[in-house]
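Remarks on the structure that follows.
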Amino acid sequence: MADEKRLMKGNEAIAEAAIRAGCKAYFGYPITPQNELTAYMAKNMLDKKRIFIQAESEVAAINMVYGAAATGARTMTSSSSPGMSLKQEGISYACGADLPCVLVNVARSGPGLGGISPGQGDYFQSTRGGGHGDYYHIVLAPKSVQEAADLTYEAFDLADKWRMPAMILADGLIGQMMEGVVLPSARDPASLPKKAWAAGHRAGTSREANHITSCWLVPEELEQNNIKRYRRYDEVKRAEVRFEEVNTEKAELIFVAYGTSSRVCLGAVEMAKKLGIELGLFRPISLWPFPDKRLAELAAKGKKFLTVEMSMGQMVEDVRLAVNGKAEVLFYGRCGGVIPSEEEVLAEARRILGK
Amino acid sequence: MELIYGHPKSLKPIQTKYCPGCGHGVIHRLICEVIDELGVQDRSVIMNPVGCSIWADLYFDFDSVQVPHGRTPAGATAVKRMLPDHMVICYQGDGDLAAIGTAEIIHAANRGEKFTGIFVNNAIYGMTGGQMAPTTLVGQKATTAPYGRDPIEAGMGYPIRVCELLATLGGTKYLARGSVDSPANIRKTRQYIKKAFEAQLRGEGFGMVEILSPCPTNWQMKPGEAVDWVKSDMIPFYPLGEIKNSLEEAAK
Amino acid sequence: MTEKTFMAGFGGQGVISLGMLWVYCAMKEGLEVTFFPFYGAEKRGGIARASVIVSDREIASPLVTSPDSCIVMNMDSLPICEEVAKQGGVMIINSSLVKNGTMRADVKAIEVACNDIAEKIGDPKIANMVMMGALSKVTGAVTLGKLEAVLKTFFPESKHKFIPLNMAAIEAGRAAV
């Protein structure tokens with residue numbers, strides 16, 4: 001039976017969804033605006049006799065995640081933008097060693113120490129492989145507390161399925177605001193996937209030793225390993241693209257936005273309708289893999305795009321790559337922790353359309 | 001007929017890539033002998049370091065997890081927490097443990113994590129080609145200390161005695177320093193390793209054995225000279241013995 | 001129906017609790033809700049603000065930039081609310097602390113002496129609940145019919161004895177508008 005609807009902060013809903021998805025080990029380090037997540041995990045993981053460690057740094061936390069993932073456990077860390085920068089080394093290693101884990105970025109505004117207000121300036125870092133070397137990992141962007149919980153829960157399955165980290169890219173608004181949420185039911189630990197590749201529990205098996213490593217010192221071997229991983233990336237691109245569309249068929253101009261800014265755009269779409277103006281919204285839910293095929297289809301139908309971000313313009317580059325010159329792609333952004341209003345986004349759309 | 005000497009079961013019977021006179025091979029062997037003696041090969045996990053011993057997974061016949069440079073104690077923390085009945089060995093060199101990974105080793109030790117550190121101190125960076133390490137002796141030459149380590153004029157700092165540093169932390173239970181410069185010291189080092197591993201199996205933590213180890217290639221010495229230098233220069237600065245032992249009385 | 005409310009007061013006046021209880025009750029009445037608090041960088045004092053939306057359909061932006069209703073709990077909050085208040089919107093002002101009313105002639109200003117009423121009931125700390133009663137009556141967006149049950153989960157057991165006082169404050173707030 002489904003749970004009753006609860007009023008929760010995004011940070012807490014993410015934490016509870018992770019616990020229900022079977023997260024056995026959480027490692028964190030304090031940073032605003034995600035502290036409620038770490039505190040929730042401290043209380044509830046310890047109550048459930050699972051592993052919680054407040055690490056000495058974000059660097060240590062991600063490497064603890066790496067260690068726990070190497071033993072086959074479902075594991076997670078969370079942080080906010082500056083802390084995610086510190087984790088990039090470990091994320092690169094986890095990708096290189098094909099370790100599944102869940103990473104949560106409750107993003108704030110940057111660069112540098114920046115501010116603690118919500119931002120979307122971590123799109124490049126999240127979707128481009130923010131550390132060194134050739135790699136990607138799954139990135140999911142929730143728009144609400146409900147979706148933050150659902151996507152976190154799902155991220156554990158996706159990470160295991162594809163043997164790679166899966167990131168939840170939220171922002172300070174989604175982390176801090178409260179909304180109603182119906183939480184997914186707790187996974188039966190026995191139902192979680194078995195991982196024959198993991199370190200440990202060799203006793204009683206006749207298997208060879210398992211080595212978890214990203215180190216390949218023979219160039220041809222490393223190349224082959226990377227090529228194999230990129231074939232898997234191709235499969236992920238075919239299987240795991242997620243997006244939402246609102247009024248894209250009728251619209252002349254389609255907003256492209258994710259997370260918090262997509263909700264601002266949805267408001268502008270609704271306000272426009274009252275004025276007799278047809279606007280649409282295309283919301284990527286998976287930022288990697290990016291829903292480029294569907295955007296290309298919409299571009300072929302002669303649509304114009306206005307990408308709206310809480311940054312100086314990052315996802316807009318993926319939109320341009322997707323439409324490949326077949327449609328006009330415009331950009332409207334606010335940054336520094338400023339959340340655009342529905343009114344200003346609508347005004348920008350009207351200015352573009354001359355209506 | 002009684003077999004009195006043979007190849008340890010958990011050490012693969014292949015030649016290592018280590019230089020002639022390097023201490024890693026002897027240390028690998030000591031670890032494997034003790035693991036065989038304790039009968040824990042199939043529940044051992046070694047945390048591979050970054051450095052010359054990055055190849056450890058070629059030699060040890062048990063599971064391994066390779067972690068970024070310096071982060072090995074953080075990785076080992078999680079592996080041991082997830083596999084509490086396993087033998088988890090955190091193998092690190094001096095650059096790994098005492099420079100880039102200083103925060104990780106201090107906090108893992110302070111939390112009293114129940115894995116065992118094997119700290120190979122050869123006073124130099126090996127794989128990258130002889131740079132100054134945090135344990136490089138004053139006056140010792142390195143590619144990045146061409147006139148010798150100069151703590152004052154050049155501001156290169158002083159060599160760090162890691163066992164003594166960690167001994168002040170509440171979480172540390174057993175800290176010993178051995179050396180592989182002579183058969184007698186090798187035997188003693190083996191005893192320290194055994195004590196530390198047994199303590200881990202009892203669930204006592206944190207334990208670490210530091211091992212002074214020659215690096216003839218980067219010291220630019222012949223193997224014999226390198227062994228002599230461990231005796232003449234390293235041991236006087238890094239005293240051997242049990243630096244801290246607060247294990248349960250019976251086990252002492 | 002969508003009711004967007006902007007709430008402001010000084011830290012400690014219970015603006016955050018007010019917003020949370022408002023959306024909690026709304027959720028129990030079957031509405032979609034979103035509540036986004038924001039504070040200054042200070043740990044104590046400063047102005048506490050909240051964007052609060054209740055609706056019978058999916059809520060777009062959680063940020064209230066053009067509020068249907070504003071709640072002004074103290075003097076410092078007045079200019080903040082005057083800046084954002086929607087033309088024709090409602091502004092409920094705690095006249096115990098805000099003496100001169102609003103300069104905005106294009107909003108419907110309603111004055112409720114929250115602190116005085118709360119003190120009369122027996123506890124100045126429940127001025128926020130007086131305000132919530134007024135908000136419910138003025139907007140009709142949330143009936144607060146489930147408030148008593150909500151307070152039982154909101155307060156720890158040891159504080160349940162204060163529930164009747166809170167309910168009385170709600171009624172007094174309703175009666176004041």
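Just so it is clear: chains get the letters A, B, ... in the order the sequence lines come, proteins before strands, and each one is counted from 1. Model, not experiment: these values are computed from the prediction.
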Do we see a donor-acceptor contact under 3.5 Å between the side chains of [X] and [Y]?
X: A/Tyr26; Y: A/Thr38; result: yes
X: A/Ser79; Y: A/Gln34; result: no
X: B/Arg111; Y: B/Thr77; result: yes

Response to the item:
CG of A/Leu37 to OG of A/Ser80, rounded to nearest 0.5 Å, is 11.0 Å
Discussion item. Are B/Tyr59 and B/His24 an aromatic pair, judged by ring center distance below 6.0 Å?
Written reply: no
Worksheet item: What about A/Tyr233 and A/Trp288, are their ring centers closer than 6.0 Å?
Response: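 Yes: the rings meet the under 6.0 Å criterion.
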Discussion item. Just so I understand: if I count every heavy-atom pair under 4.5 Å between each of A/Asn210, A/Ile51, A/Val59 and chain B, which residue has the most?
Written reply: A/Asn210
Fill in: Top of A/Gly90, A/Ser57, A/Gly200, A/Cys215 for chain B proximity - count of heavy-atom pairs under 4.5 angstrom
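Of A/Gly90, A/Ser57, A/Gly200, A/Cys215, A/Gly200 has the most heavy-atom pairs under 4.5 Å with chain B.
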Discussion item. Between B/Gln41, B/Arg43, B/Arg81, who has the most heavy-atom pairs with chain A when the cutoff is under 4.5 Å?
Written reply: B/Arg81
Practice prompt. Pick whichever of B/Ile106, B/Asn110, B/Val45, B/Asp61 has the most heavy-atom pairs under 4.5 Å with chain A.
Written response: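 Of the candidates given, the most pairs with chain A belong to B/Asp61.
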Under 4.5 Å from any heavy atom of chain B, what part of [X] do you find: side chain, backbone, both or neither?
X: A/Ser214; value: both
X: A/Ile53; value: side chain
X: A/Arg207; value: side chain
X: A/Ala203; value: both
X: A/Ala69; value: neither

Discussion item. Is it true that, when you exclude A/Lys194 itself, more than 12 heavy atoms of the residues, nucleotides or ligands shown sit nearer than 6.0 Å to its NZ?
Written reply: yes
